[in-house]
Structure formats: structure tokens, C-alpha cells
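Everything on this sheet refers to the single structure shown next.
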Amino acid sequence: MKALRDAILAKSQTIGTDIIKVDSFLNHRVEPALIAQMADVFAQHFAPEKPDLILTVEASGIALGFATARALHDIPLVFAKKHAAQNQRGNYAQARVFSFTHKQDYHIRVDLAYLPKDARVLIIDDFLADGQAALGMMSLVEQAGAQLVGIGIAIEKGFQPGGEKLRKMGVNLLSLAVIDRIEDGHIILRDD
Ligand code: 5GP
């Protein structure tokens, strides 16, 4: 997707050979027009799957998940929580995820009241690296007895195994931009 590719090349920063910071347009400061364009591409690709809801993880997936939910004619967005609230009640599905960026485990949880059995679920997230966050969300979908219809990712890091893992599993995966590698601090994108 050209607008996202341009933003990655012009506005992101790299940390070492494997971390990309996109705080200036996606992860901290958010550019609504760009997010809306990305959401339109997801909506066009996944509309035939007739998703009932979108699932993401707080916090970085929320803006893109929300925009995609709107583009799919206002289906609900459900974001899995990373912190158990004091007032947590109800019946929760939970999965353990190893964070690539923080190098530690965390739990994601979702109230099953908002992830109904048999619902057709589209997962949206900002990055795909080793695939741990995606697999965690897929576990929530499975625990709920819901059905995964696809995964939409803004930026896939093609030099990590998540994308290949999910494609081998037969997941309908759409990544809007794929980074092949970081070379001397420069991002090399894979051709569309
Ligand atoms: P995975 O679970 O696929 O290993 O990593 C995906 C998750 O880790 C995403 O939800 C994202 O928040 C975070 N992540 C992984 N790699 C990067 C990166 O290079 N930059 C940023 N900003 N986040 C990343």
C-alpha cells in the first residue's frame, strides 16, 4: 500500500536490526487520513468474509481496528486487555503472549460476552513479527468457539517467522507493507 510504504520510508526509525519505530504516524501520534486509507484496504479485502466483529489488542491496534470497523459498516471493535482490572467480572478467555519488543510474557484477556460463540472474527494489529500476538488472539477466538475469518496487519516484518507461520496454517492474512530487512539503519521494503 503506497501511502503506508511512503510513511514507513519517510517517518519511521530503526532500533538495531530488528525493531521499527512508527511512533510519528501509528503508535503514538496517529494520522487519521493514513489510518482511514489502511482501513479501506482491509475492508475491501475482508468484506467478502462477512466479519461480525474485529478483535485487536490494546493499545496500538485500537486506532486501526476502529477505523476498519467503521469501514466495514460499523461492526463492533473488541480489544483484548493486557491488564486485569480491579472490577473484572464475568467469564474471560485468556492467552499468554511473549512480547517481542519487551522480551517478556504478558496476558491478554477478553470478556466472552463480547466474543460470542460462532461470531466471525477479523483480527487487526499494527505489527506482525514472530506471530505471538496473533496466535494469542487466535487462541481467544478458539476458546470462545468463534470463527477466525482473517488477519489484517499494517506492517509485517518479513525477516521474522510470524507471516510464514500464519500462511502455512491457511490463515487469510493481509499485510499492507512487508519489511524485508534493515540494512545499515535503512528499511528495505518487499515489493508489493
Ligand atoms: P509478534 O507477537 O508477532 O512477535 O509481535 C507483534 C507485536 O509486537 C505487535 O503487536 C507490536 O505491538 C509489537 N512489535 C513487534 N515488532 C515490532 C516493531 O518492530 N516495532 C513496534 N513498534 N512494535 C513491534
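This chain uses plain numbering: 1 for the first residue, then up along the sequence. Nothing here was measured: the structure is a model prediction, and the numbers come from that model. Note that ligands are numbered from 1 as they come in the structure, with each ligand's atoms numbered from 1 the same way.
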May I have every N or O pair linking ligand 1 to the protein at under 3.5 Å, one per line with atom names and distance?
residue: ligand 1; atom: 2 (O); partner: Q132; partner atom: N; Å: 3.1
residue: ligand 1; atom: 2 (O); partner: A133; partner atom: N; Å: 2.8
residue: ligand 1; atom: 3 (O); partner: A129; partner atom: N; Å: 2.8
residue: ligand 1; atom: 3 (O); partner: D130; partner atom: N; Å: 3.2
residue: ligand 1; atom: 3 (O); partner: G131; partner atom: N; Å: 2.6
residue: ligand 1; atom: 4 (O); partner: D130; partner atom: N; Å: 2.8
residue: ligand 1; atom: 10 (O); partner: D125; partner atom: OD2; Å: 3.0
residue: ligand 1; atom: 10 (O); partner: D126; partner atom: OD1; Å: 3.3
residue: ligand 1; atom: 16 (N); partner: K157; partner atom: NZ; Å: 2.9
residue: ligand 1; atom: 19 (O); partner: I20; partner atom: N; Å: 2.9
residue: ligand 1; atom: 19 (O); partner: K157; partner atom: NZ; Å: 2.8
residue: ligand 1; atom: 20 (N); partner: I20; partner atom: O; Å: 2.6
residue: ligand 1; atom: 22 (N); partner: I20; partner atom: O; Å: 3.3
residue: ligand 1; atom: 22 (N); partner: N27; partner atom: OD1; Å: 3.1

Name every donor-acceptor pair, under 3.5 Å, that has one atom in a side chain of residues 53-69 and the other anywhere in the protein, sequence neighbours excluded.
residue: T56; atom: OG1; partner: I124; partner atom: O; Å: 2.7
residue: E58; atom: OE2; partner: K82; partner atom: N; Å: 2.7
residue: T68; atom: OG1; partner: L64; partner atom: O; Å: 2.7

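- Formation of a donor-acceptor pair under 3.5 Å by the D111 side chain with backbone atoms of A113 is found in this model.
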>> Please evaluate residues R190 and D180 with respect to the criterion salt bridge (charged side-chain N to carboxylate O under 4.0 Å, His left out), reporting the C-alpha separation (whole Å), side-chain torsions for both, the decisive distance (0.1 Å), and the verdict.
In response: CA-CA 5 Å; R190 191 170 293 173; D180 243 346; 2.9 Å; yes
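- The side-chain heavy atoms of K157 and L128, taken from C-beta on, include no pair separated by under 4.5 Å.
- Side-chain contact between E49 and N172 is present, with heavy atoms from C-beta onward closer than 4.5 Å.
- No side-chain donor-acceptor contact under 3.5 Å links T17 to the backbone of I182.
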